Amino acid sequence: MQIESFAPAEAGEPETGSIRPPVAAWRPRVLEAFWHRRSVRAQLLMTLIVLDVIAALVAGAVTIVRARTATRIEIAASMTLAGLLVQEAVSLVQDLSPEQVLANLPLRLRYLRHVRILVEDPSGVPVGGAGVPPGAGRADDRRSAPAWFAALIAPPVDRLEVPVIVKGQRLGSAVVMGAPADEIAEVWENTVALGAVAVGLGAVMIGMLYVIFGRVLDPLNALGAGLRDLETRNYKVRLAQPHQRELAAITGRFNALAAALDTVRARNVELGHRLITAQDDERRRTARELHDEVGPCLFGLKANAASIGQAAGKLGEPAATGIAERVHDILSIAEHLQAINRGLLNRLRPMALGHVPLADLIADMVEERARQHPEVAFALSPSVLQASYGEAVDLTVYRCVQEGLTNAIRHAGPAHVVVALRQDTDAATGGGLLTLTIDDDGRGIPPGTAKGFGLLGMEERLQALGGAFSINARSEGGTNVTIVMAVRHDACSGEVDVGSPSRACVSQDPCSGEVVTGSPIGTCVSQESEPPCRAP
């Protein structure tokens, strides 16, 4: 019968049916530091080294056990042989005097190994004060083994006493004792030699495996680098095919994935470009209708209201006063609608876009911000740029500069803001990269801050046009915004490009319908809208 004792659980301690030993707190930290943070190559080599150490310990233990047995057998045989030799030596010195027998006996037995012989008189006193050391008189430069090794191998000390009898008279005795030091030293030398060979071969093996593992695992490092490229949206990366069958299959799948992502990205870029172009076209048409339709109609409304006011002045009171008040209200409403119309036109499409060079357009914006915020020092460093890169690119650069300056002024509180715009031309293709950077020395972006709608809109528009957007903290403090877009040389030649939404070379006068090359309005030729309202 098993009796279980139960103790009341302390407060806050869960009651369980079984008691599990707590896991030591240091174990996860040790595993993390010495194992989990290591590379696969290091883990494999560490495993092999541990196995080698275990094999060395097992081999050492086997060596000690076998050496101990062999030493015991060797000492026992040596003592038996020594006993026989003592008896033989005694039989050969029968003609000598008792003193000479005891004095000469050790000299005759001085070449025996693994034993120590003491000659004693009948009273037990050693003759000459010392015995015959093992192997005395034999040249032997073997070094003695360490005490700990000798203690592991040395057998128990045996003692064999052989009486010395001459002519029937006992003159004393020869005591034979085992002396395994010489045998242990020989085992130690063999063990050291084998250990040195094993350590050397192990070091060579570890070095060879280090190189081999590196060659075998290189495709995994390349795969990691390729995944980082995919993370940064570099879908052009391709990995070399390794010789290992399993890694070759993984590499093949990676290259297929990169190719599929590259294809999808190309399609997305094309669709995004079409979407941006369609949006810009719609905004341009809306802006043109607001400019060509609503603007003239409001102007006509104000002109008609003014003429009504003039005609009402010729009437008598009180009709003239009432009409004048209504005319004033109409003019106020019309002016308010004109202000709203101008704001909508500027948000839909800057009026200056297309009729002035892009560099001048950016310079005007920076100067305007400098006038609005005199406490901030603004600087612009443009390089040689084309007059226009197409309406989509020009509008994107304009909006990015606008959003970047607004964010710096609103959130960073900088003392200096530098805008740089440059084109790196490729002589082979006639195009290149258009790079925009906005640097400020303000407070910077706190870690973990989410992107606002303005930055997200910039990033989405740039991705749709195949560009790149990055925002980073500067090492000297502040924020850096970098925008890169691929452009091609497509300068305006003065020829009419009918229906092209991306060129800004020709325009149409909103009232006369006349096509004017290089017009400041910068819209494509179109006769889709109705003739604008005109004032009488």
Side-chain angles (χ1 to χ4, degrees), residues 280 283 287 338-423 434-446 449-462 465 467-474 476-485 487 504 520-522:
D280 290 342
R283 290 174 179 174
Q338 282 183 331
I340 295 176
N341 188 43
R342 285 192 298 269
L344 289 174
L345 286 174
N346 189 50
R347 286 193 296 271
L348 289 172
R349 184 175 181 275
M351 296 301 298
L353 185 66
H355 66 82
V356 296
L358 178 62
D360 296 341
L361 192 64
I362 300 301
D364 291 341
M365 185 191 306
V366 173
E367 291 178 0
E368 181 181 359
R369 291 293 191 276
R371 289 192 300 268
Q372 295 173 350
H373 304 275
E375 71 280 2
V376 181
F378 292 88
L380 176 64
S381 57
S383 62
V384 179
L385 304 175
Q386 296 176 203
S388 175
Y389 296 94
E391 184 169 346
V393 175
D394 291 353
L395 184 58
T396 299
V397 173
Y398 181 88
R399 294 301 188 194
C400 288
V401 174
Q402 188 179 48
E403 182 67 21
L405 294 179
T406 300
N407 288 337
I409 296 170
R410 182 180 300 170
H411 303 293
H416 300 83
V417 177
V418 179
V419 179
L421 185 62
R422 71 176 187 276
Q423 177 187 352
L434 187 64
T435 304
L436 168 67
T437 59
I438 303 174
D439 294 298
D440 66 73
D441 57 356
R443 291 184 294 270
I445 301 177
T449 302
K451 295 179 181 179
F453 291 108
L455 293 178
L456 291 176
M458 291 167 55
E459 187 172 7
E460 292 176 357
R461 185 177 181 92
L462 286 166
L465 296 177
F469 168 84
S470 64
I471 179 168
N472 302 291
R474 301 170 65 223
E476 58 271 24
T479 307
N480 168 264
V481 178
T482 301
I483 294 161
V484 180
M485 286 187 294
V487 295
I521 297 178

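Since we're looking at a predicted model, the values are computed, not measured. Along the sequence shown, residues are numbered consecutively beginning with 1.
Minimum interatomic distance between I438 and G404 (heavy atoms only, all atoms of both residues): CD1-CA, 3.9 Å. Between L380 and A359 the shortest heavy-atom distance is CD2-O, 4.5 Å. Closest non-hydrogen pair, S381 versus A420, comes out as OG-CB, 3.3 Å. In this structure, V393 and M485 approach most closely via the heavy-atom pair CG1-CE, 3.7 Å. Taking all atoms of both residues into account, the shortest heavy-atom contact from Y398 to M365 is CE1-CE, 3.0 Å. What you find for A412 and D440 is that their closest heavy atoms are CB-OD1, 3.8 Å.
Side-chain contact check for Q372 versus E367: every heavy-atom pair is 4.5 Å or farther apart. F378 places none of its side-chain heavy atoms less than 4.5 Å from the side chain of H416. Side-chain atoms of V417 and D439, non-hydrogen and from C-beta on, never get closer than 4.5 Å to each other. Contact of the V484 side chain with the T482 side chain is registered, since non-hydrogen atoms from C-beta on lie closer than 4.5 Å. By the 4.5 Å heavy-atom criterion applied to side chains, L434 and L421 are counted as neighbours. Residues N407 and V481 are not in side-chain contact: their nearest non-hydrogen atoms beyond the backbone lie 4.5 Å or more apart.
The distance from the CZ atom of F469 to the CG atom of L436 is 10.0 Å, given to the nearest 0.5 Å. One distance of note links CD of E403 with CZ of R410; it measures 7.5 Å at 0.5 Å rounding. To the nearest 0.5 Å, atoms OG (S470) and CG (N480) are separated by 6.5 Å. For the atom pair D441 CG and T479 OG1, the distance stands at 9.5 Å (nearest 0.5 Å). R369 contributes atom CZ, which lies 12.0 Å from atom CG of D364 (distance to the nearest 0.5 angstrom).
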| said: Is there a side chain to side chain contact (heavy atoms under 4.5 Å, CB included) between I483 and T435? Walk through the geometry before answering. | reply: CA-CA 6 Å; I483 294 161; T435 304; over 6 Å; no
